[in-house]
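The figures here come from the full heavy-atom set of this structure, side chains too, leaving out hydrogens, waters and symmetry mates. All residue numbers refer to positions in the sequence shown, counting from 1.
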Amino acid sequence: MEITNQKVGKADIYIKWIMFTAAITGMAILTAFYPIEANIPMVVIPSILVLILAKPVFFEKLKLTTLLTMRIVIVFAALNFFNPQVYVDVIMLMLIVNILEATFTDLIRYKKYFNAISGFAVAVGVITLRGVWQFDAPFGDYYMAKGAVPAITIMYAIAYTLWNWIFVTNEFSPAVSLMHVGFLFAPLFGCLCTMGLGAYGGIGMWLLLRANSLSIGGWMQIGAKDWFEREYHNEKFSKFVQWTKQTPVQIICMIINLALIGACIFLMIQNGGIVFTFSSLTPPAL
């Protein structure tokens with residue numbers, strides 16, 4: 001009887017993780033296509049309530065406030081209060097800032113030099129992506145970000161995911177890290193779910209889905225931190241996390257990341273080079 005209960009307990013964790021990841025993926029997709037109708041009730045309102053009721057620590061409050069601000073601004077972009085392309089340009093800049101913030105945390109607080117090198121590479125790699133608001137999308141109001149060829153976007157998404165996973169295991173407990181695996185996989189699953197849209201879906205939606213899953217995960221983690229710590233505790237996963245913290249493993253991850261970002265830059269140079277044009281604030285005629 002004890003063995004049976006133990007097996008059920010382990011299965012219970014994975015079932016919860018699958019359900020949680022599926023929910024995050026669905027919410028990320030909905031808030032991507034509908035920055036007003038879905039974004040407000042699924043991200044904006046819950047984030048405000050968590051900031052008021054959960055009383056997060058300063059770092060959590062700063063992080064969630066930053067995410068919330070961008071989720072509010074995208075509402076005005078979708079309403080055409082200003083040129084939505086400007087919002088996308090700012091998002092690309094905020095991505096670099098967000099990566100560097102985590103990278104310096106790795107470097108200064110945790111002395112994780114190899115992952116910090118990966119972080120700087122991933123930050124530089126943002127220049128290989130170009131974000132564009134989908135003015136002519138058949139439905140929804142959203143943007144896509146991709147390189148000159150699909151391989152660039154795919155390699156960048158893999159590099160970011162690998163780097164961020166190592167950062168998460170430094171910053172949080174193994175239980176919360178398991179939750180973040182769902183946050184990291186949700187954008188990738190979302191890309192697969194939207195491939196049927198052709199040029200209007202697929203890997204080009206990765207950045208938007210990542211921003212959405214991070215925003216949703218932000219208020220969930222802060223609002224239910226104790227629940228995740230308790231319900232996602234798993235000894236085997238904890239041992240896996242400890243294994244990934246070994247120096248040889250971190251060096252291998254760094255080498256993979258540098259190779260991926262290097263390939264992104266090479267392909268971008270081979271396909272028209274790295275260019276950027278500033279967009280006008282004036283909203284386009286509808």
Side-chain angles (χ1 to χ4, degrees), residues 22 24-39 42-43 70-71 73-80 82-96 122 125-161 184-216 260-261 263-280 282-286:
I24 287 288
T25 302
M27 293 170 72
I29 293 174
L30 283 173
T31 52
F33 289 126
Y34 303 105
I36 300 175
E37 299 88 343
N39 176 53
M42 292 184 181
V43 180
M70 299 311 297
R71 303 318 301 165
V73 175
I74 198 173
V75 173
F76 294 105
L79 289 171
N80 214 41
F82 58 90
N83 186 357
Q85 183 60 44
V86 174
Y87 175 85
V88 184
D89 296 341
V90 172
I91 280 292
M92 304 305 290
L93 177 61
M94 290 300 296
L95 174 60
I96 296 175
V122 172
V126 174
I127 63 175
T128 66
L129 302 177
R130 178 71 174 99
V132 179
W133 191 274
Q134 298 298 104
F135 293 103
D136 58 345
F139 65 91
D141 292 293
Y142 61 103
Y143 66 85
M144 298 181 72
K146 49 188 176 181
V149 293
I152 294 175
T153 320
I154 294 171
M155 289 190 294
Y156 185 84
I158 293 172
Y160 176 96
T161 302
L184 289 169
F185 272 100
L188 300 174
F189 293 150
C191 290
L192 292 175
C193 292
T194 58
M195 285 183 66
L197 295 175
Y200 296 100
I203 191 63
M205 292 199 69
W206 173 80
L207 181 59
L208 174 56
L209 295 174
R210 171 56 184 162
N212 290 354
S213 65
L214 185 61
S215 299
I216 296 166
L260 288 169
I261 297 302
C264 287
I265 294 174
F266 175 79
L267 284 176
M268 200 67 177
I269 293 174
Q270 293 293 310
N271 289 272
I274 297 168
V275 295
F276 179 80
T277 55
F278 290 95
S279 303
S280 170
T282 305
L286 296 177

Are [X] and [Y] side-chain neighbours, meaning at least one heavy-atom pair lies under 4.5 Å?
X      : Y      : value
Trp206 : Leu188 : yes
Asp141 : Trp133 : yes
Cys264 : Ile152 : yes
Val126 : Met92  : yes
Gln85  : Val132 : yes
Leu95  : Ile91  : no
Arg130 : Thr277 : yes
Phe33  : Met205 : yes

Check: [X] side chain, [Y] main-chain N or O, donor-acceptor pair, under 3.5 Å:
X      : Y      : value
Tyr87  : Met70  : yes
Asn80  : Pro283 : no
Thr31  : Ala38  : no
Tyr156 : Val122 : yes
Gln134 : Tyr142 : no

Query - Sole candidate of Ile154, Thr194, Leu192 that passes side-chain contact (heavy atoms from CB on, under 4.5 Å) when paired with Ile203 - result: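 One option only clears the test, and that one is Ile154.
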Report task. Would you sort out whether Arg210 and Leu184 count as a side-chain contact (heavy atoms from CB on, under 4.5 Å), showing the intermediate values? Result -> CA-CA 7 Å; Arg210 171 56 184 162; Leu184 289 169; 3.8 Å; yes
[X] [atom1] to [Y] [atom2] distance, which is reported to the nearest 0.5 Å:
X      : Y      : atom1 : atom2 : value
Thr25  : Asn212 : OG1   : CG    : 11.5 Å
Ile265 : Ile127 : CD1   : CD1   : 5.0 Å
Leu30  : Ile216 : CG    : CD1   : 8.5 Å
Cys191 : Leu197 : SG    : CG    : 11.5 Å

Report task. Test Val75 against Ile36 for side-chain contact (heavy atoms from CB on, under 4.5 Å), laying out the working first. Result -> CA-CA 6 Å; Val75 173; Ile36 300 175; 4.2 Å; yes
State, to 0.1 Å, how close [X] and [Y] come at their nearest heavy-atom pair, and which atoms those are.
X      : Y      : result
Ala151 : Leu267 : CB-CD1, 4.1 Å
Ala28  : Leu209 : O-CD2, 3.5 Å
Arg71  : Ser215 : CD-OG, 3.5 Å
Thr153 : Gly147 : OG1-N, 3.0 Å
Ser213 : Pro187 : OG-CG, 3.6 Å
Ala186 : Ile24  : CB-CG2, 3.5 Å

Query raised in the report: Are there more than 12 heavy atoms of other residues, nucleotides or ligands under 6.0 Å from atom CZ of Phe135?
Result: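 Counting other residues, nucleotides and ligands, CZ of Phe135 exceeds 12 neighbours.
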**Report entry** Enclosure of Phe82 CZ (heavy-atom neighbours >12, cutoff 6.0 Å)
**Finding:**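 Yes, CZ of Phe82 has more than 12 neighbouring heavy atoms, counting only those of other groups under 6.0 Å.
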Query raised in the report: Can Ser279 and Asp89 be counted as having a side-chain donor-acceptor contact under 3.5 angstrom?
Result: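 Yes, Asp89 and Ser279 have a side-chain donor paired with an acceptor closer than 3.5 Å.
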